[in-house]
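One structure below.
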Amino acid sequence: MNYGYYPGCSAKSTSPEFDASTLALIDFLDLGIKELKDWVCCGASSMHAVDKIIHTSLSAMTLDAANSEKKDIMVQCPACLAHVLEAKEVLNENGELAADVKEAVGKEIEAKMKISHFSSILHDEYGLDRIKEKVTKSLNALKVASYYGCLIVRPQELMKYDDPENPMKMDDLVEACGASPVEWPFKTKCCGAGTAISDTPITLDLTYEILRMAKQNGAECITVLCPLCHNNLDLRQKKIEERYGEKFDLPIIYYTQLIGLAFGLDPKVLQLDRLFVDPFPLLKSKGIL
Amino acid sequence: MARIGVFVCWCGSNIAETVNVSKASEISGNIPGVVYSVDYKYMCSDPGQTLLKNAIKEHNLTGAVVASCSPRMHEKTFRKAAKDAGMNPYMLEMANIREQCSWVHDNKDEGTDKTIDLIRMMVEKVKRNHPLEDIKIPVTKKALVIGGGVAGIQAALDIAAGGVPVVLVERESSIGGKMAALDETFPTLDCSQCILTPKMVEVSQDPLIEIMSFSEIEKVEGYVGNFKATIRKKARYVDTDLCTGCGTCWLKCPVKVTSEFEQGLGKRKAIYIPFPQAIPSRPRIDPENCLKLTKDRCGICQKVCPTKAINYDDVDRLVEVEVGAIVVTTGYKIMPVSEFPEYGGGRYKDVVTALQFERMVCASGPTLGELQRPSDGKLPETVVFVKCVGSRDPEHHHSYCSKICCMYVAKQTMLYRHKVHNGNCYVFYIDVRSNGKNYEEFVRRAQEKEGAQYIRGRVSQVYKDGEDLVVEGADTLTNSQVKIKCDLVVLATAMEAPDGIKELAQKLGISYDQNGFLTEAHPKLKPIESSTAGVFLAGCALSPRDIPDSVSEASGAAAKVLGLLSKDEMHKDGVVAFVNEATCVACQNCIRVCPFVAIQLKDICNRKGEVLRQVADVNPGLCVGCGTCTPSCPSRSIELKGFTDAELFAEINALAEL
Ligand SMILES: Cc1cc2nc3c(=O)[nH]c(=O)nc-3n(C[C@H](O)[C@H](O)[C@H](O)COP(=O)(O)OP(=O)(O)OC[C@H]3O[C@@H](n4cnc5c(N)ncnc54)[C@H](O)[C@@H]3O)c2cc1C
Ligand code: SF4
Ligand code: SF4
């Protein structure tokens, strides 16, 4: 394993708990992954709609940052992942856009490195068996709905993450930690993503359906791997409940936080107290804390 | 001395506009060996042909060059005319001055020069041509039909009606194909069984038709008129001669398994006939589930069989049949719902294929026509049909249209509403393709009179919300998203080439397309011929089709077979490869490259019958004159009659004016 960590800007702003729990796992499992020094914001949800060249150049600069440290890239945010994968593809295809990007960045950039999502690294490279061995505090059959969101699996040709209709990686990971994954149909339904800002009611409608479906299928909490999904489900859960007159009380917990709990890490270190929907009553009632 | 005539055709203005035909004819007259040249408006017309015939006779021509269109178009016409006038037809050649000259150029001077070059080339070739004879092949007056669906049944019946014996090979234990599983059929809603079973009985009673059910093609050798097919009669564990089809065995058999014929919705026994009207009405034992054959227990069927027809020691047997022609009618299969997880396929029992729906409403189906959804037997009050599932979807599955789903979905909405008068039924569609006789009217009836609600758009997801299935999709006409709660989802999944089709095609030496459907020799003019002479195609083996199309093609193929087998011997083009045995070193290059397996080694023996050496030997019956072998020979020992090195080099030299 020779990864450098590309946290992305969400991890450094709206979702520090994702960043903290990720670093805690890296440290605990002794993966030797360090944050890349010169990573650049990927342009998030807006740049790719505005200017293709600038958009691709931003991610190309992150690739360059990895090259200068001779590292592969580990990503957590699915949007960042999509964008660096796309930049890698553009550079390797070496067409007109690649030439523009080289000009914009001002240099040749090799794009040979491996780019993986952290959950894939844990699932495929570190391995479920070794994770199981490290579990000291079982998640005690906690019923978890894994919610992957729309981005990590699509487009399949680019992301190559998992079965785009029924991904299982997070389910497998939390199961290895003793939880009981919930079988439900909305694993990859869109949460509304950035429309939360431009047209909130649309997001509220979509996230309502996700919460309702998770609850209906018996979930006690939802685990996520995308900061934007997390925001829409966690931060706005109260609003959703008000709008629909329905109480969900479904903690939205990053998968890194759940795994960290199973490894017996301190909830403070995992920053579980930063979640808007309080997870502690549930975790306590389940005997996890 | 060669006496050659040159005939330059105007093809109306097609050639004459870009080629100075009179100049071309005049200059051709000066080529050494040419004793007559002329230009004429339409050489292929009756007067044109008469001109050719008269010139051959009057000028005692030994050869002729017709400069006109492609030989693909009219070589046969002119060679026949030459023959009628007493000339060996192979002494006539065509110079293609239309497709290869006038149609692709626009400068008349250059066109004329090129025309003269082309004529000179052919004149030089004709000078070196040898008279060739057509090859005569005896024919076996018997036909083989592979696949016993409605197409195979029709082909067998029509061939037998012409007095020619037929072997009908079907790999399942009964003939009937998919049609046997359908309920009522569009566009007239007559019951499929009622129109098919009489035909199946007719097949079984026709003394000229031999049904080999539960059998497959092992090997096919030979060529048009003279095929030898080896057929594997798979072990059935029931002696079909002794068995009377009384049914005692399958009544008593204790093992129940899922029925393939019922599309997984019903049960059958380990010894079974797939459906009550099966032909032959003889059971077979399914060795994977029979207690006797798996665990050496039970043995009930043998005990109860009144005619001692059960034989647990049965084995596969190979039989050989000699036939003159083959019809391939191997039909199709449909994609299973499990290929569509986004539509809940494989996850929810109430997401079914259209073929399953046929069984669910069919009076002879597992519920005797009482519509029940598979999960809990509830009568579905709302049904959603989704069309183009796997078809017209090049990103994920097939780019082709399965052609008949529009029609059977319209039919199934009617069948549904006839069972559930107040039921709601919705159809998601991309287009409605109803281009057959009375088809558009039929779809209109479903929409306007029978209450089917059509929504134009694709479905994104099917999921379960509590007890209900929910279909989410787009309505592109109102530009809105739709969500429909329903009890049953029917997916009109794509029709695909059946399993094993590629292997069969390889055995037969016929070609298939990227989707595995068999390829016709010409998409318009030879739609039921395969690329191999004597092998014909019909029905869904070619691509998705409905019953009327399958049946008409089957009758067409039967007519072709009867035409072919009507003569005692067949005449075949004389253009075949031949070997110079004196120089052949038996390296076998040609044998390896021949795509038609037309070349073998033969022994050269002395008078005492001792083998001296071996040489390559061409079977003129199999050779199609493709010429693949000739360049492979290191000693230039194999050549193609009508296209020898001497003839071809003469053409090239003429062009180079050597
Ligand atoms: C749901 C549904 C509803 C339909 N409804 C209608 C309708 O209402 N009206 C209509 O006109 N059409 C309808 N059709 C279409 C109809 O089923 C076909 O047009 C028709 O069955 C084609 O007949 P076939 O003989 O070409 O193929 P098939 O019926 O598929 O028969 C092929 C036969 O060949 C056998 N076979 C395959 N491979 C081999 C092999 N290697 N060796 C030996 N045997 C082999 C198979 O076992 C089978 O018996 C419907 C189709 C579907 C899927
Ligand atoms: S021997 Fe096999 S087929 Fe016969 S009755 Fe027993 S299980 Fe059925
Ligand atoms: S390639 Fe030529 S030399 Fe070799 S076997 Fe064939 S005919 Fe004879």
Task: pair A:N217-B:K464: side-chain heavy atoms closer than 4.5 Å - done: no
Above 12 or not: heavy atoms from other molecules or residues under 6.0 Å from [atom1] of [X]?
{"X": "A:K238", "atom1": "NZ", "result": "no"}
{"X": "B:K419", "atom1": "NZ", "result": "yes"}
{"X": "B:E370", "atom1": "CD", "result": "no"}
{"X": "B:D376", "atom1": "CG", "result": "yes"}
{"X": "A:K286", "atom1": "NZ", "result": "yes"}

Task: Structural part of B:F340 lying under 4.5 Å from a heavy atom of chain A - done: neither
- [ ] Please state whether the side chain, the backbone, both or neither of A:E157 comes within less than 4.5 Å of a heavy atom of chain B.
- [x] neither
TODO: Starting at OG1 of A:T188, measure out to CD of B:Q461 and round the result to the nearest 0.5 Å.
DONE: 6.5 Å
Open item on the list: Using side-chain contact (heavy atoms from CB on, under 4.5 Å), reason through B:E472 and A:K189 one step at a time and then give a plain yes or no.
Closed with: CA-CA 12 Å; B:E472 257 186 41; A:K189 218 153 185 82; 2.9 Å; yes
